[in-house]
Amino acid sequence: MIAEQLAAGWLRHKGYRVLGRDFVHPLGEIDIVARRGDTIAFIEVKYRATVASAGEAIDTAKRRRVANAARAWLAAHPGNGERAIRFDAMLMVPWRLPVHIRDAWRT
């Protein structure tokens with residue numbers, strides 16, 4: 001998806017190292033996994049007409065699926081288990097810079 005490519009490029013520009021994209025597991029999926037310093041961010045990307053509608057699209061069920069997939073990703077990449085983790089949102093709207101919300105939710 002174009003929005004995810006743009007989000008990954010924006011993250012790289014901000015100093016993140018993208019560790020993976022489009023991680024799919026039976027329990028859920030993650031759009032982008034990125035690292036900056038000692039923190040791993042599991043990032044949900046939403047593209048909508050407005051920032052508000054993009055944010056609203058990340059509902060409780062979506063957050064749960066991302067968290068479940070994050071546990072699966074960490075199990076598959078055990079070298080990252082000691083790092084801090086957080087869940088971010090990257091809200092994308094037409095003709096605007098991405099809105100990156102760090103620590104958008106907690107599990």
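Given the structure is predicted, the values throughout are model-derived calculations rather than measurements.
- Contact detail for Val45 and Ala7: the closest heavy-atom pair is CG2-CB, 3.9 Å.
- Under the rule for a side-chain contact (heavy atoms from CB on, under 4.5 Å), the partners of Leu74 that lie at least two apart in sequence or sit in another chain are Phe42, Asn80, Ile85.
- Going from atom CZ of Phe87 over to atom CD1 of Ile40 covers 11.0 Å, rounded to the nearest 0.5 Å.
- Under the rule for a side-chain contact (heavy atoms from CB on, under 4.5 Å), the partners of Tyr47 that lie at least two apart in sequence or sit in another chain are Ala3, Met92, Pro94.
- For the atom pair CG of Leu11 and NE2 of His100, the computed distance is 5.5 Å after rounding to the nearest 0.5 Å.
- Residues passing the side-chain hydrogen bond (donor to acceptor under 3.5 Å, both in side chains) test with Ser53 are Thr50, sequence neighbours excluded.
- Here the straight-line distance linking atom CZ of Arg86 with atom CD1 of Ile101 works out to 12.0 Å at 0.5 Å rounding.
- With hydrophobic clusters built from ILVMFWY side chains whose heavy atoms lie under 4.5 angstrom apart, Leu6 does not share a cluster with Val99.
- In the hydrophobic cluster analysis, where Ile, Leu, Val, Met, Phe, Trp and Tyr join through side-chain heavy atoms closer than 4.5 angstrom, Trp105 is grouped apart from Met90.
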Expected list for residues 55-71: side-chain donor-acceptor pairs under 3.5 angstrom, two or more places apart:
residue : atom : partner : partner atom : Å
Asp59   : OD1  : Ala61   : N            : 3.4
Asp59   : OD1  : Lys62   : N            : 2.8
Arg63   : NE   : Ile58   : O            : 3.4
Asn68   : OD1  : Arg71   : NH2          : 2.5
Asn68   : ND2  : Arg64   : O            : 3.4

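- Cluster membership check: Ile32 does not share its hydrophobic cluster with Ile30, using side-chain heavy-atom separations under 4.5 Å among Ile, Leu, Val, Met, Phe, Trp and Tyr.
- Every pair tested for side chain to side chain donor-acceptor pair (under 3.5 Å) that includes a residue from residues 17-37 fails, sequence neighbours excluded, so the list is empty.
- Taking Arg106 as the reference, Asp103 meet the salt bridge (Lys or Arg N to Asp or Glu O under 4.0 Å) condition, with sequence neighbours excluded.
- The structure places OH of Tyr16 at 6.5 Å from CD1 of Ile43, a figure rounded to the nearest 0.5 Å.
- Residues satisfying the side-chain contact (heavy atoms from CB on, under 4.5 Å) criterion with Arg12, sequence neighbours excluded, are Ala8, Val18.
- Screening residues 73-85 for salt bridge (charged side-chain N to carboxylate O under 4.0 Å, His left out), with sequence neighbours left out, gives Asp38-Arg83.
- Atom NE2 of residue His77 and atom CG of residue Leu19 lie 8.0 Å apart, to the nearest 0.5 angstrom.
- With sequence neighbours left out, Leu97 forms a side-chain contact (heavy atoms from CB on, under 4.5 Å) with Trp10.
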